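I have placed the structure first, in the form of structure tokens, so that the comments after it can refer back to it.
Because the structure is predicted, anything quoted here is derived from the model rather than measured.
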Amino acid sequence: IGCSNGLYSYHVEDSKFVQIKGLNNVNYFAIKPNLTKSIIIADNGENLFECDLRVLMNKSQQSGLLEPKLNLQAIDLSIANQCGDEKWHMVELHGNSEHLNEAIAIATTSSRMVILKYEAKMGRFKPVRSLDTVMPISDILFTQHSAIVACDKFFEVDLSSYVAEEFLDM
């Protein structure tokens, strides 16, 4: 469970919440089980953190006596050219662990989206393209070769060239 106080797991057997230290003000997180990755928006929308899902699951199952803690580094998103008050508000993941080099994430602020590609040699997501939007993105739907992005209009983002085109104009 992510909240303004950080990240927590709920232990059903003793009906207790256990804090997983290392993150503050968790706003949103995307989990993709068949990719074994998660990306968490924290620090009041200031940063995105990538976490291996197996590590996250392990920490969530630890007892509160062990004081579970995630050691995460923020994803470098200098490509986004964010304004000072722009916060991350959504992130979605696409792919699977069998084709890790094809894994994609799209992270959004109120006026832009950043496409991230997983680099297996680096072992992390790396930004590859930043695109401005007129309105905040409200939804992202991945298909096999593209992402449909909803904001003031619908756009289709080609996942191989990272080019966005208007999807429907009615």
Atom NZ in Lys153, atom CE in Met135: separation rounded to 0.5 Å?
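It comes to 12.5 Å.
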
One pair to check against side chain to side chain contact (heavy atoms under 4.5 Å, CB included): Asn25 and Ser4. What are the steps and the verdict?
CA-CA 4 Å; Asn25 294 315; Ser4 61; 3.7 Å; yes

Are Ile104 and Tyr162 close enough, and set up right, to give a side chain to side chain contact (heavy atoms under 4.5 Å, CB included), and what steps lead you there?
CA-CA 10 Å; Ile104 298 284; Tyr162 313 117; 3.9 Å; yes

Test item: [X] and [Y] side chains (from C-beta on) under 4.5 Å apart, heavy atoms:
X: Ser63; Y: Val18; result: no
X: Gln61; Y: Ser9; result: no
X: Thr108; Y: Ile140; result: yes
X: Asn44; Y: Asn27; result: yes

Tell me whether Asp158 contacts the main-chain N or O of Ser161 through its side chain, where contact means a donor paired with an acceptor under 3.5 Å.
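Yes: the side chain of Asp158 pairs with the backbone of Ser161.
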
Give every donor-acceptor pair under 3.5 Å between a side-chain atom in residues 28-38 and any protein atom, sequence neighbours left out.
from: Tyr28; atom 1: OH; to: Glu92; atom 2: OE2; distance (Å): 2.6
from: Lys37; atom 1: NZ; to: Tyr118; atom 2: OH; distance (Å): 3.4
from: Ser38; atom 1: OG; to: Cys51; atom 2: O; distance (Å): 3.1

Would you find more than 12 non-hydrogen atoms of other residues, nucleotides or ligands less than 6.0 Å from [X] atom [atom1]?
X: Glu119; atom1: CD; result: yes
X: Gln144; atom1: CD; result: no
X: Met57; atom1: CE; result: no

